[in-house]
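Here is the structure we will look at.
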Amino acid sequence: MESDLSRQTLALAGVFQAATLVDNLAKSGSIEPKQLENTVASILNLSPSSYDDVFQGRENLVIGFNALNKAMSKNSRDINREVLQYAMGIIAAQSKLAERPDLMEVLSNALDRTVDQQRYFDSYTHEAVVASTAQCYEKTLSQLSFRIRVVGNPGHLKNPQVAEKIRTILLFGIRCAMLWRQANGHRWHFLTRRSKIKAQSEQLVKMV
């Protein structure tokens with residue numbers, strides 16, 4: 001049975017993976033199709049059997065584990081500042097969303113419709129499915145007074161398809177932040193449990 005620390009670390013790796021992918025996408029305008037597929041599949045897995053099941057295997061979180069290890073190290077200067085800001089922003093946004101049951105209901109209904117679309121197109125990366133997933137974010141998180149500000153190449157950020165992928169990845173991060181809180185994760189853990197989280201992350205990534 002997974003411990004709280006194991007579940008918290010898996011979820012945080014997801015948050016930091018989302019932050020890293022958003023940073024890369026905002027700066028380069030591209031994302032590997034497999035990474036996008038795994039991201040959307042995780043979002044639309046609405047009835048997972050375990051935390052591992054959410055991500056379809058820990059091997060799909062290697063990027064997140066590496067970023068989390070850097071963030072939790074004593075010398076966290078190695079972590080990309082934007083990645084850290086996005087990760088903290090994702091956690092803050094999820095907290096704000098949890099205080100809005102009306103938006104949570106909107107999100108639930110929107111996700112159900114997106115699942116139907118995914119089944120119709122039989123693809124997680126079809127442009128209609130990605131657009132629908134992005135709209136789940138836009139209808140809910142974008143309505144909050146708190147916003148996650150993404151910086152990068154202006155040309156890429158103005159591209160509607162890139163913007164949709166960024167919103168989709170952020171929604172994945174929100175899902176992971178929700179899982180982190182469900183595993184009794186708290187912001188003060190970043191100060192009091194850094195070494196434990198880092199050690200757990202290193203152990204989990206070795207098991208990939």
Side-chain angles (χ1 to χ4, degrees), residues 7-27 31 36 39-40 42-44 46 54 61 63-64 67-68 70-72 76 79-114 130-154 156-194 197:
R7 290 193 295 268
Q8 289 169 15
T9 305
L10 278 170
L12 280 179
V15 170
F16 276 85
Q17 177 140 318
T20 302
L21 293 178
V22 165
D23 184 56
N24 292 342
L25 185 55
K27 292 174 179 176
I31 180 175
L36 180 62
T39 297
V40 178
S42 292
I43 294 171
L44 300 184
L46 303 183
V54 174
L61 283 179
I63 292 173
L68 179 60
K70 291 179 181 179
M72 294 296 107
S76 58
I79 187 71
N80 181 306
R81 290 293 101 183
E82 283 84 10
V83 168
L84 188 58
Q85 288 172 2
Y86 295 150
M88 295 301 100
I90 286 168
I91 289 172
Q94 188 278 327
S95 178
K96 297 293 184 183
L97 179 64
E99 297 172 356
R100 293 285 304 273
D102 57 327
L103 291 182
M104 290 294 291
E105 183 175 0
V106 171
L107 178 58
S108 178
N109 293 334
L111 285 170
D112 286 340
R113 289 192 293 271
T114 303
V130 175
S132 182
T133 310
Q135 286 173 8
C136 292
Y137 183 95
E138 197 166 8
K139 291 176 179 177
T140 55
L141 278 303
S142 293
Q143 306 308 310
L144 298 173
S145 57
F146 179 87
R147 300 289 185 88
I148 300 172
R149 182 173 176 269
V150 177
V151 297
N153 184 308
H156 298 321
L157 295 176
K158 291 178 181 178
N159 184 320
Q161 290 186 330
V162 171
E164 287 175 349
K165 291 173 184 175
I166 287 175
R167 293 189 187 100
T168 295
I169 296 168
L170 287 174
L171 184 61
F172 166 72
I174 295 295
R175 170 82 183 283
C176 295
M178 179 190 72
L179 293 173
W180 176 65
R181 292 191 190 278
Q182 288 177 345
N184 299 312
H186 299 279
R187 288 179 69 91
W188 50 266
H189 287 166
F190 288 108
L191 297 175
T192 62
R193 296 186 180 179
R194 290 171 69 100
I197 293 171

Query raised in the report: Minimum heavy-atom separation for A71 to R194, with atom names?
Result: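 Where A71 meets R194 most closely, the heavy atoms are O-NH2, 3.1 Å.
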
Which value, rounded to the nearest 0.5 Å, describes the distance between [X] atom [atom1] and [Y] atom [atom2]?
| X | Y | atom1 | atom2 | answer |
| --- | --- | --- | --- | --- |
| I166 | L171 | CD1 | CG | 14.0 Å |
| L44 | T133 | CG | OG1 | 5.0 Å |
| L97 | E99 | CG | CD | 9.5 Å |
| L84 | D23 | CG | CG | 11.5 Å |
| I174 | L179 | CD1 | CG | 11.5 Å |
| L103 | S108 | CG | OG | 12.5 Å |

Close side-chain approach of [X] to [Y], heavy-atom, < 4.5 Å:
| X | Y | answer |
| --- | --- | --- |
| Q143 | R100 | no |
| T114 | I43 | no |
| I169 | I31 | yes |
| N80 | T20 | no |

**Report entry** Aromatic ring proximity W180/F190, centre distance under 6.0 Å
**Finding:**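 Centroid distance W180-F190: below 6.0 Å, so yes.
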
Query raised in the report: Using the ring of each side chain (for Trp, its six-membered ring), is H186 parallel, tilted or perpendicular to H189, with breaks at 30° and 60°?
Result: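 The arrangement is perpendicular - the two ring planes meet at more than 60°.
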
Requested in this report: Spell out, as yes or no, whether a donor-acceptor pair under 3.5 Å connects the side chain of T140 to the backbone of C136.
Outcome: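 Checking the backbone N and O of C136 against the side chain of T140, a donor-acceptor pair under 3.5 Å is found.
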
Query raised in the report: Sequence neighbours excluded, which residues qualify as side-chain hydrogen bond (donor to acceptor under 3.5 Å, both in side chains) partners of Q94?
Result: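 For Q94 the side-chain hydrogen bond (donor to acceptor under 3.5 Å, both in side chains) partners, ignoring immediate neighbours, are R181.
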
Query raised in the report: For E105, does the CD atom have more than 12 heavy-atom neighbours from other residues, nucleotides or ligands under 6.0 Å away?
Result: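 No, CD of E105 has 12 or fewer neighbouring heavy atoms, counting only those of other groups under 6.0 Å.
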
